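Keep in mind it's a predicted model, so treat the numbers as computed, not measured. What you see below is based on every heavy atom in this structure, not just the backbone, and it leaves out hydrogens, waters and symmetry mates.
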Amino acid sequence: MLVVRAIHASDLDALIELAHQVGSGMTTLKPDRKMLGDRVSVAVASFAETIPPEQRDYMFVMEDTTSGRLAGVCAIKGAVGLDEPFYNYRIGTLVHSSRELDVFTRMDTLYLSNDLTGATELCSLFLHPDYRSGNNGKWLSKSRFLFIAQFPHLFTAKLIAEMRGYQAEDGSSPFYEGLGRHFFKMDFNHVDHLTAMGKKSFIAELMPRQPLYVAYLPESAQEVIGKVHLSTAPARRLLEQEGMHFEGYVDIFDAGPVLQARVSELRAMRDSTVATVDAGATPTDTDPLLVSNTKLNDFRMIVAHANPVSGKLALTPDEQALLHCQGGDTVRTLSLNVRKNVHV
């Protein structure tokens with residue numbers, strides 16, 4: 001059986017093993033014991049509320065309770081860019097015109113930006129290949145939205161998610177090869193590693209501050225601006241279903257899109273409901289439902305096949321055990337799938 005839960009300090013070794021499966025392009029999940037050890041320590045302190053909300057990094061793992069394996073991981077950072085600069089490119093427009101020559105040109109540009117500083121960030125989503133079936137990926141991704149809906153006071157008004165940018169079959173980044181390499185003079189994976197280690201001062205030191213004309217880039221680099229990695233496309237669709245959208249910000253290394261949303265406009269904020277666990281009732285076979293407990297320091301979530309009735313939710317003994325709850329406890333629920341409005 002699977003459960004998504006708050007990470008524990010004892011999960012570090014399994015997390016490192018999981019991180020070895022990730023590959024390049026995800027700077028927040030490198031198989032480095034020092035980096036991941038520090039992240040887990042911050043995550044444990046975050047759930048325990050022993051550090052300020054803006055410093056928190058809530059990490060969640062999907063655990064296979066039958067084998068004890070970690071099937072996946074995801075996270076929410078309380079705020080980005082407050083301890084170290086948070087850079088993106090903002091896609092803009094410059095117009096050049098001459099009435100005398102009857103010439104009008106509109107050019108796309110890239111501006112080095114810190115506009116998203118302070119936003120809450122969804123990050124580090126990864127599901128082990130062995131578990132990529134059924135609703136597992138969808139459930140893991142959407143678990144974070146139910147957590148935010150339960151504890152909205154812990155997060156900022158704006159939510160962002162940096163998506164991994166497009167890479168060629170050989171693992172190279174066409175955008176980086178067309179732009180970044182000219183300034184950094186090192187391989188994409190090396191830059192990726194430095195960023196993961198928190199060494200970001202070189203970005204401001206080496207990148208030009210003036211707008212960059214997109215038309216001056218090689219066509220291979222232009223074509224991938226705002227385009228996601230092939231394996232990231234499903235994750236992007238899931239986030240867009242929950243209310244996130246692209247507003248013209250991209251990663252400075254691989255040009256992957258940054259999705260944004262106002263927390264108050266998320267589907268989970270609008271549609272999730274609380275219910276009381278009914279330990280005596282028999283669950284009915286319905287559409288999959290995300291169900292979480294309401295404990296910050298022991299957050300747990302499952303997928304159940306039940307519907308709240310009159311404010312009560314029937315859960316089996318096994319489901320209650322996975323959630324660490326019992327009859328009479330409060331849980332939060334949200335349909336796993338987006339329900340389409342039916343117009344009569």
Determine whether [X] and [Y] fall in the same hydrophobic cluster, where Ile, Leu, Val, Met, Phe, Trp and Tyr are linked whenever their side-chain heavy atoms lie under 4.5 Å apart.
X: Val3; Y: Met1; value: yes
X: Tyr111; Y: Tyr216; value: yes
X: Leu154; Y: Leu146; value: yes
X: Ile76; Y: Leu238; value: no
X: Leu336; Y: Leu122; value: yes

Check: [X]/[Y] side-chain N/O donor and acceptor closer than 3.5 Å:
X: Asp170; Y: Ser172; result: yes
X: Ser10; Y: His8; result: no
X: Arg144; Y: Thr120; result: no
X: Asn88; Y: Glu162; result: yes

Report the residues that fulfil ring-ring contact (aromatic ring centres under 6.0 Å, His included) with [X], sequence neighbours left out, ordered by chain and then residue number.
X: Phe183; answer: none
X: His96; answer: Tyr213
X: Phe299; answer: Phe60, Phe147

Heavy-atom pair of closest approach, residues [X] and [Y]:
X: Gly243; Y: Ala261; value: O-CB, 3.5 Å
X: Lys34; Y: Asp38; value: NZ-OD2, 2.5 Å
X: Leu322; Y: Ile302; value: CB-CG2, 3.7 Å
X: Pro174; Y: Ser220; value: CB-O, 3.6 Å
X: Arg39; Y: Ala75; value: NH2-CB, 3.4 Å
X: Leu323; Y: Arg300; value: CD2-O, 3.4 Å

For the backbone of [Y] and the side chain of [X], can you confirm whether one donor and one acceptor N or O come within less than 3.5 Å of each other?
X: Ser41; Y: Gly37; answer: yes
X: Thr50; Y: Ala45; answer: yes
X: Glu242; Y: Leu266; answer: no
X: Asn114; Y: Thr117; answer: no
X: Asp251; Y: Asp254; answer: yes

inquiry  = Please evaluate residues Phe253 and Phe175 with respect to the criterion ring-ring contact (aromatic ring centres under 6.0 Å, His included), reporting the C-alpha separation (whole Å), side-chain torsions for both, the decisive distance (0.1 Å), and the verdict.
reply    = CA-CA 7 Å; Phe253 296 124; Phe175 182 79; 9.4 Å; no
Close side-chain approach of [X] to [Y], heavy-atom, < 4.5 Å:
X: Tyr89; Y: Ile252; value: yes
X: Ile91; Y: Phe246; value: yes
X: Ser335; Y: Arg267; value: yes
X: Met107; Y: Val95; value: no
X: Leu290; Y: Ser143; value: no
X: Gln260; Y: Tyr249; value: yes
X: Glu319; Y: Val291; value: no
X: Glu247; Y: Val258; value: no

Straight-line distance of [X] [atom1] to [Y] [atom2], nearest 0.5 Å:
X: His128; Y: Leu140; atom1: NE2; atom2: CG; answer: 13.5 Å
X: Tyr87; Y: Leu112; atom1: OH; atom2: CG; answer: 6.5 Å
X: His229; Y: Ser173; atom1: NE2; atom2: OG; answer: 10.0 Å
X: Asp108; Y: Leu212; atom1: CG; atom2: CG; answer: 12.5 Å
X: Leu36; Y: Ile7; atom1: CG; atom2: CD1; answer: 8.5 Å
X: Arg164; Y: Arg236; atom1: CZ; atom2: CZ; answer: 15.0 Å

query = After noting the C-alpha distance and the side-chain angles of Met301 and Arg332, does the key distance pass the side chain to side chain contact (heavy atoms under 4.5 Å, CB included) rule?
reply = CA-CA 9 Å; Met301 174 185 290; Arg332 182 170 290 273; over 6 Å; no
message = Let's go through Val42 and Ile51 carefully: what are the C-alpha distance in whole Å and the side-chain angles of both, what is the deciding distance for side chain to side chain contact (heavy atoms under 4.5 Å, CB included) to 0.1 Å, and is it a yes or a no?
response = CA-CA 8 Å; Val42 170; Ile51 56 177; 3.9 Å; yes
Assess whether atom [atom1] of [X] is packed by more than 12 heavy atoms of other residues, nucleotides or ligands within 6.0 Å.
X: Lys295; atom1: NZ; result: yes
X: Leu230; atom1: CG; result: no
X: Arg270; atom1: CZ; result: yes
X: Glu240; atom1: CD; result: yes

key: Sequence neighbours excluded - salt bridge (charged side-chain N to carboxylate O under 4.0 Å, His left out) pairs with any residue from residues 114-126   =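 Counting only pairs at least two positions apart or across chains, the salt bridge (charged side-chain N to carboxylate O under 4.0 Å, His left out) contacts touching residues 114-126 are Arg90-Asp115.
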Pairwise salt bridge (charged side-chain N to carboxylate O under 4.0 Å, His left out) hits with a residue in residues 61-70, at least two apart =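 Passing the test, one end in residues 61-70: Arg5-Glu63, Arg69-Asp130.
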request  = For Asp287, check salt bridge (Lys or Arg N to Asp or Glu O under 4.0 Å) against everything at least two apart and list the hits.
outcome  =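 Scan of Asp287 (salt bridge (Lys or Arg N to Asp or Glu O under 4.0 Å), adjacent residues dropped) gives none.
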query = Ring centres of Phe151 and Tyr58 under 6.0 Å apart?
reply =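 For Phe151 and Tyr58, the ring centres are not under 6.0 Å apart.
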key: Derivation of the side chain to side chain contact (heavy atoms under 4.5 Å, CB included) call for Lys158 and Leu116   = CA-CA 9 Å; Lys158 179 178 287 187; Leu116 302 180; 4.2 Å; yes
task = Decide side chain to side chain contact (heavy atoms under 4.5 Å, CB included) for Val263 and Thr156; before the verdict, give the C-alpha distance in whole Å, the side-chain angles of both, and the deciding distance to 0.1 Å.
result = CA-CA 8 Å; Val263 167; Thr156 63; 5.8 Å; no
